[in-house]
Amino acid sequence: MKFQDYNFVPSLKRNLEALGFRKPTDIQYKSIPPILKGEDVLAVAQTGTGKTAAFAIPVIQILSTRKVVEKEYGIRCLIMVPTHELAIQVAGVTQELMKGTGLKVLGLHGGVKQDPQIEQLKKGVDVLVATPGRMFDLASQGFLTFNRVEILILDEADHMLELGFISDMRQLVSRIPKRRQTLFFSATINEHIKELAYGLVRNAVRIQISPKDPVSKNIDHAVAYVEMDDKRFFLEHFIKENPKSKILVFVRTKVRAERVLKAMERVDIKSQTIHGDKLQDERSQVMKNFKDGSNKVLIATDVSARGIDIPNVDFVINYDMPEEPENYVHRVGRTGRGTLKGIAISFCSSEEKETLDIIESFLDKPITVMEINKAEYEATIDFSKGSDHDWKSLMKEQQARKSTKAKVKKKKKK
Ligand code: ADP
Ligand code: MG
């Protein structure tokens with residue numbers, strides 16, 4: 001079924017076409033009808049499968065056709081997200097899909113002045129995309145009311161319901177009209193979080209796509225055993241072997257992010273960092289540079305792993321193994337978005353083997369190991385020796401394996 005065959009308002013159809021969205025993705029196909037019917041939905045689908053539009057499309061359709069009895073203005077849909085970057089992104093997508101409908105959306109997050117946000121709120125906002133911090137702050141100052149809310153959405157729902165946020169969420173829910181519709185979207189969810197989610201809704205429709213493997217098929221991911229002190233050499237080598245590629249590097253802490261940046265600087269590799277210690281202006285500029293490709297190497301902490309949709313990230317490198325197994329899925333999910341393919345490589349040191357085990361048991365399968373023999377390993381550390389057993393050949397091997405797989409698949413199809 002094509003989007004043009006749906007019974008949507010004309011502006012929404014036009015916007016979908018302008019964005020190049022012709023057919024719904026699986027998660028969109030399955031979520032749109034129950035949401036339009038007014039049902040509560042808990043949707044779990046892999047990273048990069050179009051969850052944003054899966055809720056934004058039906059919300060726009062509902063808000064532009066459902067009659068509002070009261071004349072008084074107020075927020076009709078509240079979308080909660082965990083990070084500043086995601087608030088900006090989700091508000092942006094919603095804005096694109098909303099053009100010409102007369103509806104208004106605002107992205108609300110901390111780290112910037114509140115006055116312009118208050119001005120916007122006073123002018124009237126139909127859809128508010130917000131991080132909890134700034135939202136509760138403005139609500140306590142009396143600039144936000146929730147008595148008109150018809151739809152509450154939690155994007156990255158498991159993260160939003162994790163300890164620390166849950167009491168905020170309960171408090172929020174108590175201020176929203178009982179006759180609301182509640183939607184949860186995420187790529188990962190565990191039993192405990194599922195229970196919490198069900199505690200906030202009645203009879204939610206559960207939609208789960210590819211529950212067995214939380215990592216999308218578009219992502220080829222592998223682990224390389226690299227000792228802690230050698231990681232920078234491997235990163236340097238990898239970046240130099242892939243000078244035109246967009247590479248997202250994840251590290252464990254803010255301090256390590258800055259340290260890796262310095263190490264790369266010393267070997268003439270330009271990169272930028274993003275983490276919670278940076279001012280919002282800087283964070284936005286860094287995101288922009290990475291998106292438009294003026295900076296090709298971004299070193300990040302988990303702050304930006306959730307939900308961010310950056311076009312054409314060729315490689316994700318887990319310079320440090322993620323401490324939370326869910327974050328493995330969210331980190332590698334920054335590549336291989338939509339129909340694109342991506343590659344993710346994790347550097348695992350001896351100290352991190354235990355973390356790797358936990359991740360593998362979370363994924364319910366082992367991660368492919370990129371074999372590096374002793375000679376290759378030493379050659380990478382000692383550049384001056386020069387080597388033809390380098391990352392390039394490793395990547396080629398990986399690619400070859402992939403294309404054999406593809407060939408086998410093709411044959412099977414025949
Ligand atoms: P998720 O939230 O599932 O990780 P996003 O909502 O960020 O994924 O979408 C991933 C990418 O897919 C985005 O770049 C988006 O523009 C694209 N996309 C979403 N829906 C469609 C569609 N129906 N057709 C084509 N591209 C789509
Ligand atoms: Mg998302």
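Just follow the structure's listing: the first ligand is 1, and inside any ligand the first atom is 1. All figures in this text were calculated on a predicted structure; none of them were measured in a lab.
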Is the Tyr319-Phe234 ring centre distance short of 6.0 angstrom? no
Could you identify the single nearest non-hydrogen protein atom to atom 6 (O) of ligand 1 and state the distance to 0.1 Å? Thr52 OG1, 2.6 Å
So, His330 versus Thr188: side-chain donor-acceptor pair below 3.5 Å or not? yes
Nearest protein heavy atom with distance in Å, relative to atom 25 (C) of ligand 1: Phe21 CD1, 3.6 Å
With no hydrogens and no angle check, just 3.5 Å: does a side-chain donor-acceptor pair link His192 and Glu195? no
Write out the residue and atom name of the closest protein heavy atom to atom 4 (O) of ligand 1, then the distance separating them to 0.1 Å. Gly48 N, 2.7 Å
Tell me: protein heavy atom nearest atom 13 (C) of ligand 1, and distance? Asp309 OD2, 3.0 Å
Closest non-hydrogen contact found for Met1 with Asp5 is CE-O, 3.9 Å
Smallest heavy-atom separation, Met321 atom then Ile359 atom, equals CE-CD1, 3.8 Å
Identify, for atom 7 (O) of ligand 1, the protein heavy atom at the shortest distance, and state residue, atom and that distance. Arg337 NH2, 2.9 Å
Element-labelled atoms of ligand 1 that are located less than 4.0 Å from some non-hydrogen atom of Thr49: 1 (P), 3 (O), 8 (O)
Hydrogens and angles aside, do Asp137 and Gln141 bring a side-chain donor and acceptor to less than 3.5 Å of each other? yes
For the residue pair Lys231 and Ser349, confirm or rule out a side-chain donor-acceptor distance under 3.5 Å. no
Number the atoms of ligand 1 from 1 as they appear, then name those within less than 4.0 Å of a heavy atom of Thr47, with their elements. 4 (O)
Around atom 3 (O) of ligand 1, find the nearest protein heavy atom and jot down its residue, atom name and distance. Lys51 NZ, 2.9 Å
Protein residue, atom and distance nearest to atom 20 (N) of ligand 1, heavy-atom basis: Gln28 NE2, 2.8 Å
Would you mind checking which non-hydrogen protein atom is closest to atom 12 (O) of ligand 1, with the distance to 0.1 Å? Gly338 CA, 4.1 Å
Heteroatom proximity flag, Gly50 to ligand 1, N/O under 3.5 Å: yes
Any atoms of ligand 1 less than 4.0 Å from a non-hydrogen atom of Lys23? List them with their elements. 22 (C), 23 (N), 24 (N)
For the ring pair Phe55 and Phe185, is the centre-to-centre distance below 6.0 Å? yes
Check each heavy atom of Phe3 against ligand 1 and say whether those closer than 4.0 Å belong to the side chain, the backbone, both or neither. side chain
Which atoms of ligand 1 have any heavy atom of Gln46 under 4.0 Å away? 3 (O)
Side-chain donor-acceptor pair present, Thr355, Glu323, cut-off under 3.5 Å: no
